[in-house]
Amino acid sequence: MNRIALSVSGGIARVTGSALGPYQTAVIRIGFSATWLLFLLREFPHRHEMYGPDAPWDFGLAQQLIGLNGAFTALMWTDSRVWFEIVYALAVLAAALLLLGWRTRAMSVVFMVGVLSLQNRSVFMGDGGDNVLHLMSIYLVFTRCGQVWSLDARRARLDREARARGERVVDRTGPLLWAALGAVLVGVTAAGRLGGDPTVPVLLWTVWTASALWWAVTRRAKSAEPRMLLDVVANIVHNGALLVIMAEACLIYATAGWYKIQGSRWQDGTAVYYPLHLDYFSPWPALADLMSVSGTIVMLVTYGTVIVQVAFPFTLFNRRVKNVLLVVMMTEHAVIATVLGLPFFSLAMIAADAVFLPTSFLRRLGDRTARAWGRRLPRGGPVLPAQRDRHSADADEKSRDGGAGKDPEDGRDGGQAEGIEGAEAAGAPA
Amino acid sequence: MDAYGARDAAGGGGSASPEPGTPPAQGTGVTVRGTEETDAATAAGREPTEPEHADPAEPTEPEHADPVEPTEPERVTEPGDVTIGPPPEPRTDVAALSPRYQIAAALALAVVAVTVCVHLGMVFMHVAPSNTVTKKHGKAIEEWIYPEFEQNWKLFAPNPLQQNIAVQARARVRTAAGEIRTTDWYDLSAEDGRAIDGNPLPSHVDQNELRRAWDFFTATHDADNRPVGLRGSLSESYLRRIVELRLDRDGAAGQGGTVDSVQVRSATTNVRPPAWSGERISLKPMYRVLSWWSVPADEAEGATK
């Protein structure tokens, strides 16, 4: 009985005390935003045919369908071509900035608006990959996905160092961004354009209000408690969303796997042969033929696919098996990307899988990336000055408190900072 | 049915859920520090033996979380670690909050936990086969899921599509000389196929547009090609507009001509069974021919622009 109480209280402390999986949430943030960014750039020449006011699925048709389902899309606010170009450009920009982790929470909201606006505008243009991005863009808004590997983490560190040196840190960009986004939100609401399904409008208003509350509490509150409470709430919401993201990935695999079991082609071991020979999914017919030359191999791949998809959710209870399956699934998606001509679907799925990668692996990956990056940058590039700042600040801190230790939050951007440090130590000349 | 036709916005206009919790935004640029990681964690990160402090394999569900191991880096909260920096570091330890705030935190935890459970339950029921619960509470599930959480993961399941469905079209053209001429059939899907062949990054325009428009059409029409509901007539307009666009690109109208009407058909051919399977099936295409659709005047002009 005591044990149970102990584990419950331990669990509560865990989910309230910190936003879990900082590296995992960062890697999916980068993965999903990169997928969407690359997709938007790739489809740039086709954007009018896909989402523009004069697309085959034109403004009038979209209006009628959205009249039925109430889906959110900024593209239905007006049929202006200029507005369409603005929305597309903002979607690209938001994806890029979310990738970099600049004002991560705000960008995650704009990113979601971009994804939903384009996809809901022309819902028959999408495939499974779009569907993954659609859901994940909503879930990402609830996470603190910029704790590491982000410009936000870097800024937080620089601010901290500046404060340690006794400088005053005033943030003007944040309130400005908040005001600009708020003006749009107020305007759109007043114009009655948020009429459809309330999910997204409520979410937008909630995030915007919460931002104001956050700012007010950190600025004005007399005691630290309101701020701590908000931090706790943010952690709880983050951890809940992280759980939803992981469960969603499991549901994807479970659904894909369990339905396959019922199919005769998956049972007789020939299923994999067929998609390889559909005109719409065979960019390299010769490769597809080569892969299906042996009935035994096709059968093994067919059964293997089902086994992996069905098994995956259960392997989460064993780290080692889970990691093996992760490698198998990521490899399979990489193969699907080429062989079935579904690069963006596969990228989105690999990004979703990445939420299950172990922290130690992600940190090593981050270190290595930062090191490779640092090697390529010429001395005096954008990263190195920050690095010097860091050293001087560290020295500063140590002289102040006799080297009692660094700021506990340093670990948050440790992945990158360490890598850069390593690069410098290795004498990375240009 | 085909696997990669994902969402199709089937939803009724249900009203959806309240949002879980209130996520404070970083947009204001204010960072509250309350993170638990210490130097120990940072240093440990360099070693391969580092204990994972946030392995997602561990359940993060509040009620079922593991008892905390003493070695976990994020649990190290020694006061000595947090003495630097001018403002005192607030810790996000609920135990340190006064009862009033603890109650608020507990409330938030309860709301999020319930929302997460309900949401996951709804999504599960949405992707599950029709069952006792979905038959009874189908409406509630739909209202929660549609429009933004719609999903379909029957990827190549239960069976992968085993036929190539080619959408073909021809036009009745009024030539510059004023004659009426009927063109040959254009295989629009074959054009898509050629755009996909050898392309490492196939466009949705080639891979999804026509393919999914045809799926949408067949899903909203009966066997006699009569539309079912508003969605049926929407799908007709959509398909017609795609066909007009493609025929225009192919120059079907000829110099100075205009397209008066278009006709669409599908040619369904079985994929040749694998050589090693010994199966024998007909490889002759089956046609489904729709009636002629006249092209609205504005679209005929728009297409020639």
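In the text below, chain A, chain B and the rest are named by the order of the sequence lines, each starting its count at 1.
Each of A/Tyr273, A/Phe281, A/Trp266 was evaluated against B/Pro160; a single residue qualifies, A/Trp266, per the side-chain contact (heavy atoms from CB on, under 4.5 Å) test.
In this structure, the portion of B/Arg246 lying under 4.5 Å from any heavy atom of chain A is its side chain and not its backbone. In this structure, chain B has a heavy atom under 4.5 Å from the side chain of A/Val298, while its backbone stays farther away. Contacts between B/His204 and chain A at a heavy-atom distance below 4.5 Å involve backbone atoms as well as side-chain atoms. Within the 4.5 angstrom heavy-atom criterion, only backbone atoms of A/Ala55 (N, CA, C, O) approach chain B. For A/Arg265, the parts lying under 4.5 angstrom from a heavy atom of chain B are both the backbone and the side chain. Looking at A/Leu181, neither its backbone nor its side chain comes within 4.5 Å of chain B, counting heavy atoms on both sides. For A/Tyr280, the parts lying near chain B are the backbone and the side chain together; criterion is any non-hydrogen pair under 4.5 Å. Within the 4.5 angstrom heavy-atom criterion, atoms from both the backbone and the side chain of A/Ser264 approach chain B. Interface residue A/Leu135: only side-chain heavy atoms are found under 4.5 Å from chain B. Only the backbone of A/Ser294 comes within contact range of chain B, judged by heavy atoms closer than 4.5 Å. Only the backbone of B/Ala128 comes within less than 4.5 Å of a heavy atom in chain A; its side chain stays farther off. At a 4.5 Å heavy-atom cutoff, the contact between A/Pro226 and chain B is made by backbone and side-chain atoms alike. Of the atoms belonging to A/Phe72, heavy atoms from both backbone and side chain fall under 4.5 Å from chain B. B/Ile165 touches chain A through its backbone: at least one of N, CA, C or O sits under 4.5 Å from a heavy atom, while the side chain does not. Of the two parts of B/Ser233, neither the backbone nor the side chain holds a non-hydrogen atom closer than 4.5 Å to a non-hydrogen atom of chain A.
With chain A as partner, the option from B/Ala108, B/Ala95, B/Pro158, B/Ala213 having the largest number of non-hydrogen pairs under 4.5 angstrom is B/Pro158.
Side-chain contact between B/Gln151 and A/Glu248: present, with at least one pair of heavy atoms (C-beta onward) separated by less than 4.5 Å. Within the 4.5 Å cutoff, the side chain of B/Gln102 has no heavy atoms near those of the A/Leu229 side chain. Residues B/Trp153 and A/Asn131 form a side-chain contact, since some pair of their non-hydrogen atoms from C-beta on lies under 4.5 Å apart. Side-chain atoms of B/Leu201 and A/Phe344, non-hydrogen and from C-beta on, do get closer than 4.5 Å to each other. When side chains are defined from C-beta on, A/Asn120 counts as touching B/Glu148, because their heavy atoms get closer than 4.5 Å. By the 4.5 Å heavy-atom criterion applied to side chains, A/Tyr274 and B/Leu161 are not counted as neighbours.
Classified by interplanar angle (parallel below 30°, tilted 30° to 60°, perpendicular above 60°), the ring pair B/Phe216/A/Phe124 is parallel.
If you check the side chains of A/Gln262 and B/Asn159, you find no donor sitting under 3.5 Å from an acceptor. Defined by atom type and a distance below 3.5 Å, a donor-acceptor pair is missing between the side-chain atoms of A/Asp279 and B/Ser189.
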- Task: Decide yes or no on side chain to side chain contact (heavy atoms under 4.5 Å, CB included) for B/Arg212 and A/Met125, but give the supporting numbers first.
- Result: CA-CA 7 Å; B/Arg212 289 210 59 207; A/Met125 201 47 88; over 6 Å; no
- Verify side chain to side chain contact (heavy atoms under 4.5 Å, CB included) between A/Lys260 and B/Lys154, making sure each step is shown before the conclusion. CA-CA 8 Å; A/Lys260 282 187 178 80; B/Lys154 296 180 190 173; over 6 Å; no
